[in-house]
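Structure record follows, encoded as structure tokens.
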Amino acid sequence: MLSNQKSREELGLKYYEQMIHRCFRCGYCKFTGDSIDINCPSYKKYKFESFSAGGRMWLIYGLMSNELEWSDHMSKILYACTTCGNCGENCKLLTRKFGSEFAVDIIELARAEAFKNGFCSEKAINFGNHTAKEHNPYLEKHEDRLSWLPDDFKNPEDPEIGYFVGCTSSYREKELARNTFEVLKKIGVKFAIFQEEWCCGSPLLRTGQRETAIIQARHNIDLFKNNNIKTIVTSCAGCYRTIKEDYSRIFYDEISEDKLPFEVLHISEYIKRLLDENKIEFKKKLNGKRKVTYHDPCHLGRHAGVYNEPREIIKRIPGIELVEMRKIKGDATCCGAGGGVKAGYSEWALEMATGRIEEALETGAEILITTCPFCEHNFTDAIKEHNHNIQIMDLVNLLKELL
Amino acid sequence: MNKEVIIKDLEEIVGKDFASNTAEDLFMYSQDPGASEPRPVDFVVMPRSVEEIQKIVKLANREKIPLIPMGGGLTLSGLVIPIKGGIVVDLKRMDQILEINELSRYALIEPGVSTGKLISYLNELYPDLQPAIPDAPPSATVVGNALIHGSGYLSQKYGNHGDMINGIEVVLPNGEICKLGSCSISDYWFSRGPIPDLVGLFISSFGTMGIITKLSYKLYPKPKMRDVVFGMCRDPNNIPNLVYKITYTDLAEDLLLSKTDKPDYVKDLILVMVFITGDSEEELESKRKMIKRLYRKNGAQFMNMPERTLKGLLQKPQFAAAAADFRKGGGFEYVGSFMPLEMIPEASKRAAEISYKYDIIPTQAIRIIGKGHCVMFAPTFAFNRADPLDRKNARDALDETNKLVLELGGIPWKSEFEGQKLIVEKMDPNYKNLLKTIRNILDPNGIMNPGNWEVS
């Protein structure tokens, strides 16, 4: 606990008031681990110091100490960031003391202040308001959330796991939802899917709309608790990060001794576990030898440390050769979709996705695999724009054919 | 000054995205992590080409507005915070490594190339070559460091980093481009001579003479193996002779000393670190033995250090920024000073007294430059950025230490402008006159980082 015994949610940015000025602005946060490349998407794009994580720390401190005021430009600086976490990953000074999540956390809490002060974008406010009513940021109806689900599916009475589908898979990347459903069926696990599932809250947390996010989160926690769900499996890296990391921090912070009352697994962790326990196996193989590469989604990788599970699964697939990109794991280039950037800066998001696809093409891979529908969505948009000769695929979509 | 006209002109030169006068962008350029008070900035601009810089210089002459060239912005002593307002010219977009000459061992680079980038580039493509780099984060620029007479890695063996400049291309204060060194005659940027050496005029001049747009920097053979032989010395009076003897042998790649009074058990000890290199373990072992013998014979003793410490020291660059948080406050500055070796014992003792006077735990770093021809003596002062009084306290300690350094025959290094005034006060009058004359000729409108090296 940095500040005092009040909760982090209650304190907001003040939670960090005794440490935020300790950023020396040494600049490690801008780079990859080996310093060869600028890996902060925002600094790479805008170049001014203010658009680096260190710059943001200084500006936020300027706001907290009343040396600066809220403005449109301040808002742009705070929101033109994918919150990819490269800064926390490479900060050598404060991460050592406060954990790598501090930088993104501070930026998100500052966005909450921006929202309160009327400096959140209209687009974000619109999807926030819609989520409050219809529980998804895609301006869709809640009643259509499970429109992809076969009519004859019924939740078992004693489910072993709950599949948290998430808004992107429910409304935009329905193939992932269907295929995760199929994979879970093939595995033979008793799983539940809830029409009452609401948005995990990620887009709202990332854009500073915490109050609505917390309502969504509380509903979901109650839903899982009331249905006696002990393990949640997500196929979305964003939902995974939010439920596992944000729900824990918001509702079960350092003051509370309670822990999140269920286990949260990304589908890649779940499958890897079952493969290790010899409970499942690959029954089919791909035609011919396929060269693939893997993109670490920020929310699964840097934010949650899940780097190896997807790779281990890919390596075990018969007929697949995994070739790595130049920048992987903690140094992975952000796809550009996160942190509200896809909604707020769509052209820039495509630029970043294109950059990452070019890194994938350098490997000679035919398929770029990811484990996040939001990354997949952004990559797919970029491919449509530039006609790159590479296929984008979620790991689950590949597994569906092989189990 | 019509700010609306100037920002429009700047936007026209570099593009709308790379010129700014918003409060937030200027806030970042109005201060650095050192103890200087923030000072106002009017504009920041990020050119991408020499031609753009020429146009910015012409604009500055037309408007009589100061220009402050900036690299990584990590000098800590406010050298790129305008003293009289003006346009900060942030050069980080000019970040191309233009040429590596493997045989003549130099890198021709633009001013925005970071030390991290150059090291990684060489590691990947020229693994037998290495540059000298400062004890600064990898975002420090190679050119910025060389131009402030930097020191750090390889300084013992090859001298200060300013001496490693083979030549420069500079946009002069009148907007003309000038090449200095062999590049003014030849396609090869391999040497500063044998012609009158004007490059020196641009080193440690803190942007007052022009904007450097290309620089040729010497590269050195990279040994296969490195190690550090640690020693400790209880009597500071033994240090000059010990350093003299070690540098005499040519064994040390680098030679560093450090002293801190916390924790208590290290008080009154000076830690000696001799960096050695070799192509084999046998060679390293032989050097270890010789260094240990030198320790024994010259008032020091060998000591073992934890693997973690060794690993940290062998990093390139070393992670020195940790010192910035000694007072849990993210602020840090030091009086790096060029000193004659023989003055180190007295300087160390008296600088520690100054630290105590200002309630700062004495922490000093001493780096040998060029086989002991010069020593970089650095009493450090961490402070809490959130506490204006603590910042002022550090500034007062810096000021008193600057005076001590000058009294003992040393010269404060990359000194903040208050320190520069102290240096100028002590400077030979004819040197001052020459400096003033040259500046007036080169920069009649006084646009280049005015307030620095001002001679009345």
Side-chain angles (χ1 to χ4, degrees), chain A residues 2 17-40 43-52 54-65 67-78 80 90-94 96-98 326 348, chain B residues 17-20 22-34 38 44-46 48 70 72-74 76 88 90 92-93 95 112 114-121 123-124 136-140 315-317 319-325 327-332 382 384-388:
Chain A
L2 289 163
E17 74 176 346
Q18 288 165 35
M19 65 79 81
I20 193 164
H21 62 278
R22 291 166 71 175
C23 167
F24 179 64
R25 232 186 79 220
C26 55
Y28 280 94
C29 57
K30 299 169 184 169
F31 293 96
T32 49
D34 61 5
S35 306
I36 195 168
D37 204 2
I38 291 170
N39 213 32
C40 164
Y43 181 73
K44 199 169 192 164
K45 166 85 176 164
Y46 291 98
K47 310 286 184 192
F48 286 115
E49 287 296 314
S50 33
F51 285 84
S52 68
R56 289 188 175 92
M57 295 300 120
W58 280 37
L59 290 173
I60 294 167
Y61 178 69
L63 283 169
M64 292 170 78
S65 58
E67 292 168 75
L68 288 168
E69 292 174 351
W70 282 103
S71 68
D72 287 338
H73 192 60
M74 179 70 84
S75 169
K76 179 181 173 181
I77 289 168
L78 290 176
N90 287 298
C91 169
K92 290 202 186 299
L93 194 61
L94 298 177
R96 198 181 285 180
K97 291 170 181 161
F98 304 108
R326 196 162 41 84
W348 178 35
Chain B
D17 292 340
F18 300 110
S20 176
T22 64
E24 295 78 11
D25 294 333
L26 299 184
F27 181 82
M28 299 308 303
Y29 293 86
S30 69
Q31 52 195 309
D32 72 8
V44 56
V45 64
M46 300 189 85
R48 180 65 201 91
M70 172 182 168
L74 284 166
L76 308 180
V88 172
D90 185 337
K92 283 198 279 297
R93 284 179 73 214
D95 63 349
S114 67
T115 55
K117 180 169 178 165
L118 184 59
I119 288 175
S120 302
Y121 184 86
N123 282 346
E124 195 176 332
S139 53
Q315 270 183 350
K316 288 192 282 181
F319 178 56
D325 206 40
R327 282 165 94 92
K328 295 185 169 46
F332 182 70
N384 182 355
R385 285 183 57 234
D387 179 354

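Letters go in sequence order (proteins before strands), and every chain restarts at 1.
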Region of B/Glu124 in contact with chain A, defined by heavy-atom distances below 4.5 Å: side chain

Region of B/Leu76 that comes under 4.5 Å of a non-hydrogen atom in chain A: side chain

Parallel, tilted or perpendicular: rings of A/Phe48 and B/Phe18 (30°, 60°): tilted

Residues which pass salt bridge (Lys or Arg N to Asp or Glu O under 4.0 Å) with B/Lys117, listed by chain and number, not counting sequence neighbours: B/Asp95

Minimal non-hydrogen separation, A/Glu49 against B/Tyr29, with atom names: N-OH, 3.4 Å

Region of A/Cys23 in contact with chain B, defined by heavy-atom distances below 4.5 Å: backbone

Non-hydrogen side-chain atoms of A/Tyr28 and B/Pro138 separated by less than 4.5 Å: yes

CZ-CD distance between A/Phe51 and B/Glu24, expressed to the nearest 0.5 angstrom: 9.0 Å

Region of B/Ser114 in contact with chain A, defined by heavy-atom distances below 4.5 Å: side chain

Contact check, side chains of A/Arg25 and B/Met28, non-hydrogen atoms, under 4.5 Å: yes

Contact class of B/Phe332 relative to chain A, heavy atoms under 4.5 angstrom: both

Contact winner vs chain B - A/Trp58, A/Phe24, A/Phe31, heavy-atom pairs under 4.5 Å: A/Trp58

CA sep, side-chain torsions, deciding dist, call: B/Ile119, A/Asp34, side-chain contact (heavy atoms from CB on, under 4.5 Å): CA-CA 9 Å; B/Ile119 288 175; A/Asp34 61 5; over 6 Å; no

Per-residue contact mode, A/Tyr61 against chain B (heavy atom under 4.5 angstrom): side chain

Point-to-point distance, once rounded to the nearest 0.5 Å, from CG of B/Asn384 to CD of A/Gln18: 10.5 Å

Side chain, backbone, both or neither of A/Leu68 within contact of chain B (heavy atoms, under 4.5 Å): side chain

Spatial distance of atom CG (B/Asp25) from atom CE (A/Met74) [nearest 0.5 Å]: 10.0 Å

Contact class of B/Asp32 relative to chain A, heavy atoms under 4.5 angstrom: backbone

B/Leu118 CG to A/Ser35 OG distance, which is reported to the nearest 0.5 Å: 12.0 Å

From A/Lys47 atom NZ to B/Asp90 atom CG, the distance as rounded to the nearest 0.5 Å: 10.5 Å

Under 4.5 Å from a heavy atom of chain A, the part of B/Ala19 involved: backbone

Closest non-hydrogen atom pair between A/Cys26 and B/Pro137, with its separation: O-CB, 3.2 Å

Interface moiety of B/Asp17 toward chain A, non-hydrogen atoms closer than 4.5 Å: backbone

Heavy-atom proximity to chain A below 4.5 Å, by part of B/Phe27: side chain

